[in-house]
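To start, the structure itself, in structure tokens.
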Amino acid sequence: MLIATWNVNSVRMRLPRVIDWLATRRPDVLCMQETKVVDGDFPREPFEALGYRLEVFGQKTYNGVATASRHPMTDVVRGLPGEGPEDAKRVLEVTTGGIRVVNVYVPNGQEVGSEVFAAKLDWLRRLRGRLDAAFSPSEPLVLLGDMNVAPEDRDVYDPVRLAGTIHCSEPEREALRDVMAFGLRDAVRLFNDGPGLYSWWDYRAAMFRRNLGLRIDLLLVTEPLVARCRLSEVDKAARAGEKPSDHAPVFAEFA
DNA sequence: ATGGCTACTCCTAGTAGA
């Protein structure tokens, strides 16, 4: 069971690359973020032609999440509890292949101390609340997506210069640790504990070429999936070439 | 020291991303 997450930064702009990646890697599940398209305009056909089912939860211009799976998807839940039609489309839960798959696009937060930064922390608290209310850490569950938090200094290209700034601040890291305290492990770190491993690189200043990035796209798993996890990695090659997303796909395989 | 790119839109200039 191969499960992947990828912030595609517009599914319409990225469509050829996403479809090519699916055709090559053949994951069982791909969770996408920043699809930036209303549900009626989602380009479903190329996914379906490759044998994928789709669940989508999008909006105009910003945000939007979608999950493609080669297996049936049941118990679909859109958004966090208490959210309404005006709220940003950031969460899509499905059960597929016997695993609860929680696809999230965590708010960016813009600047530490800002109003939207406080909203980001509150959003992470509500995400933890959803896990507590609906799930158990003893069931197979993966929480994956663009967390917009680099968990530790080793996930940051220049932890000294970026100390305390957005994605790297202690309040964000504490909020993410609290989500993980539900009973989640960072799948990529099961296999690679070194520095220099990132999932996002700024489009500007040749940041990708110089490997100056952040690891903010995470695949977090409960203990039953830790036991089944055979590999997990960042597909850095998918960030190279023509018209890439600024994020790379992250994936893990489970026995 | 700054900003360096990309994608979006009822505004092709302003916003947001991270």
Side-chain angles (χ1 to χ4, degrees), chain A residues 5-19 21 31-43 56-66 86-91 103-121 123-124 127 144-173 175-176 188 196-219 234 236 238-250:
Chain A
T5 178
W6 194 2
N7 180 324
V8 296
N9 186 13
S10 172
V11 70
R12 288 178 292 184
M13 194 60 56
R14 215 64 59 214
L15 190 61
R17 295 194 57 128
V18 172
I19 294 302
W21 194 82
C31 292
M32 291 165 274
Q33 301 87 35
E34 282 208 90
T35 52
K36 297 186 177 180
V37 64
V38 296
D39 294 351
D41 290 340
F42 195 99
V56 298
F57 187 45
Q59 65 183 89
K60 195 173 64 173
T61 311
Y62 304 116
N63 313 310
V65 284
E86 287 77 35
D87 286 296
K89 310 297 189 274
R90 296 183 178 275
V91 184
N103 175 3
V104 300
Y105 175 50
V106 176
N108 172 295
Q110 290 179 1
E111 195 172 344
V112 173
S114 67
E115 211 166 286
V116 289
F117 180 78
K120 175 182 191 172
L121 300 181
W123 195 96
L124 287 165
L127 177 61
L144 75 174
D146 181 351
M147 301 294 161
N148 265 321
V149 181
E152 301 174 42
D153 278 354
R154 63 179 170 166
D155 302 309
V156 179
Y157 70 91
D158 189 341
V160 173
R161 203 186 97 194
L162 296 178
T165 65
I166 197 70
H167 305 112
C168 310
S169 75
E170 193 47 36
E172 290 164 89
R173 287 177 169 176
L176 178 63
V188 163
L197 181 64
Y198 310 122
S199 67
W200 171 85
W201 299 259
D202 199 305
Y203 282 123
R204 297 168 291 187
M207 296 291 265
F208 179 68
R209 182 179 57 73
R210 298 188 286 154
N211 194 34
L212 303 178
L214 304 175
R215 195 175 69 92
I216 55 177
D217 300 271
L218 307 178
L219 211 153
V234 179
K236 195 178 172 188
R239 174 64 176 77
E242 286 298 302
K243 286 228 156 255
S245 170
D246 44 356
H247 297 251
V250 179

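Chain identifiers are assigned alphabetically (A, B, ...) following the order of the sequence lines, protein sequences preceding nucleic acid strands; residue numbering begins at 1 within each chain. Values reported hereafter were calculated over all heavy atoms of this structure, with side chains retained and with hydrogens, waters and symmetry mates removed.
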Given the C1' atoms of dA1(B) and dT15(B), what is the spacing between them in whole Å?
24 Å

Nucleotide by nucleotide, 5' to 3', does protein get under 4.0 Å of the base (B), only the sugar-phosphate (S), or neither (-) in nucleotides 8-18 of chain B, counting heavy atoms?
SSS-----SBB

With sequence neighbours excluded, residues passing ring-ring contact (aromatic ring centres under 6.0 Å, His included) with F117(A)
none

If the P atom of dG3(B) is compared with that of dT9(B), how far apart are they to the nearest Å?
26 Å

Atom-pair distance (CD on E242(A); P on dC5(B)), nearest Å
15 Å

Which residue is it: Y157(A), W201(A), Y198(A)? I am looking for the one with a side chain to side chain donor-acceptor pair (under 3.5 Å) to N211(A).
W201(A)

Expected output: side-chain N103(A) to main-chain A66(A) donor-acceptor under 3.5 Å:
yes

Please measure how far the P atom in dG17(B) lies from the corresponding atom in dT2(B), and state the result in whole Å.
22 Å

Taking the cut-offs as 6.0 angstrom to the six-membered ring centre and 45 degrees off its axis, would you call K236(A) and F208(A) a cation-pi pair?
yes

Between CE of M207(A) and P of dT6(B) the distance, given in whole Å, is 14 Å

Does a side chain donor of either N9(A) or Y203(A) reach within less than 3.5 Å of an acceptor in the other side chain?
yes

When the C1' atoms of dC10(B) and dG14(B) are compared, how many Å lie between them, rounded to an integer?
14 Å

Flag the pair R204(A) and D246(A) as a salt bridge only when some basic side-chain nitrogen lies within less than 4.0 angstrom of an acidic carboxylate oxygen.
no

Nearest-Å distance for atom pair CZ/P, residues R17(A) and dT6(B)
12 Å

